[in-house]
Amino acid sequence: MEGAEADSRVEGANRAGETPEQVVAPTATTDETSVTEQGTELERSIGLVGGLSIGVGTMIGAGIFVFPGLAAGRAGAAAAGSFAIGALIALLVALPTSELATAMPRSGGGYYFISRSLGALPGAVVGLSIWLGLVFATAFYLVGFGNYAAAVLVEAGVELGGATVVVPLALVFGVFLTALNLLGTENATTVQKYVVGVLLSILVVFLGYGSLDAVGIFGAVRTPEPFLRFGLAPVFTTAALVFTSYLGFAQVATVAGDIKQPGRNLPLAMVGSVLIVGVLYVATVFVTTSAFGSATLSELGETAIVEVARAFGGRVGAVAILLAGLLATVSSANASILSTSRAVFAVSKDAILPRAASRMNLRYGTPHVALAMGGGPVLVLVALGRVEVLAEVASFLHLVMYGLICVALIVLRRNEPEWYDPDFRVPAHRLVAGLGALASFGLIAFMQLTSQLIGVAVMLVSAGWYVYYANDVSLKGAL
């Protein structure tokens, strides 16, 4: 994994008040630390379970707690197939990402892979865009947390002002999660593991009972709904809608610099999290469509799963599934804050952002400036509200990154530079990565025009920043 730095350098000093400096790329890695020529970068403190909890915890939000009613309204019972197609596409991207991550197990994930294979400009656009995209997504998750927390209190008979408490609750918890990540990656990962563990326990009980009910062991005998009631085409258009549920697996690669035994744990965490979440999504659609039918689920919309749980277990069931939704937003927000800080950390170490952003807190071993640059804007967006459109913008930016990751794998396999020595190699890589790139770029066409325009604007601003601030940085080929 050692290799000479190729073109990672600063050609001139076009930044006011700065002198030319060498951009030092990581040159070694161990199972315990990421090492640079300047010393230890980050302690590797996240194991396989922690990696899985980041991937699963980020993905398990909207797919289960928002989409069942919406997806069933479009595709009926065949919405289960839509989620399965989404999982297949996610695997087409997760496999190339896994190979690149084992070759370059560094903080930054997609930014690092793209910058080292396609060059500094594409890398800068992806790195800065994903920083902002993760900020948008985290704000969305925190507002979701506030909504679920308020709903749980209402179901429990506690009235605290209804919708007026959503933003204050989101802000308080946003500060808490940012502080938790500042006090140590192990602390944040431990909380993530417990939250995801409780969340999965609730879902397994709900889906287990619901599956027995669906086959007639419990409850009334039900007549199965025709699987392709709305035809085949809606299955694919619905897959484009629900694919946003699978956008979290790459957060594992973003924190690759923190992962122990990266050659083993990175592929297992990324591919494993997609498989686990895919099974849960398909089971959820099966249970919900069996309980109420697609027409009723469509009428219930985003609250469909809560009403299914209420039908199974009364108020206790409704509170339990609301609590699960609350935990899902906590895990998604926590993983996103961690990933945001690592994206900023990686970009700043390459001098695309000011180097001050990569400073480490020596007491806790965390990038405190990068955490502030992630958590601060999130709190501003939460306070302003109206973050729903920004969530789809985050999906747009992730899909661009996923498509370029697949292109990066094809480029590196074609050139096979001396330093490229992954522990995991994708079989039939051209086919897998080619399909992954086409699917990622193709799904963008199904998004709202507003989200597409904002996403393009974010990328143009990122490119403008690179031209203004860092156009003398060359990274292609460096390791």
Subject >> Residue pairs involving residues 74-102 (criterion salt bridge (Lys or Arg N to Asp or Glu O under 4.0 Å); sequence neighbours excluded) >> reply: Glu99-Arg413
**OP:** For residues 425-449, pull every pair meeting salt bridge (Lys or Arg N to Asp or Glu O under 4.0 Å), keeping only residues two or more places apart or in separate chains.
**Re:**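 For residues 425-449: Glu416-Arg425.
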**OP:** May I ask you to check whether Asp350 and Tyr111 show a side-chain donor-acceptor distance below 3.5 Å?
**Re:**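 There is such a pair (donor and acceptor under 3.5 Å, judged by atom type) between the side chains of Asp350 and Tyr111.
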Closest non-hydrogen atom pair between [X] and [Y], with its separation:
| X | Y | value |
| --- | --- | --- |
| Phe83 | Ala71 | CE1-CB, 4.2 Å |
| Thr366 | Leu182 | OG1-O, 2.7 Å |
| Leu199 | Ala328 | CD2-CA, 3.8 Å |
| Ala79 | Ala72 | CB-N, 4.1 Å |
| Ala470 | Ile352 | CB-CA, 3.9 Å |

**OP:** Kindly state whether the ring of Phe173 and the ring of Phe176 have centres lying under 6.0 angstrom apart.
**Re:** yes
**OP:** Kindly indicate whether a cation-pi arrangement holds for Arg116 with Phe113, taking the cut-offs as under 6.0 Å to the six-membered ring centre and within 45° of the axis.
**Re:** no
Donor-acceptor pairs under 3.5 angstrom involving side-chain atoms of residues 397-406: please list them, not counting sequence neighbours.
unit_1 : atom_1 : unit_2 : atom_2 : d
His398 : ND1    : Ala394 : O      : 2.8
His398 : NE2    : Gln251 : NE2    : 3.1
Tyr402 : OH     : Leu247 : O      : 2.8

Close side-chain approach of [X] to [Y], heavy-atom, < 4.5 Å:
| X | Y | result |
| --- | --- | --- |
| Leu266 | Thr97 | no |
| Leu353 | Tyr469 | no |
| Val456 | Leu460 | yes |
| Ile321 | Leu203 | yes |
| Val125 | Tyr466 | no |
| Pro417 | Leu412 | yes |

Original post:
Is the backbone of Ala437 close enough, under 3.5 Å, to the side chain of Ser440 for a donor and an acceptor to pair up by distance?
Top reply: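 Checking the backbone N and O of Ala437 against the side chain of Ser440, no donor-acceptor pair under 3.5 Å is found.
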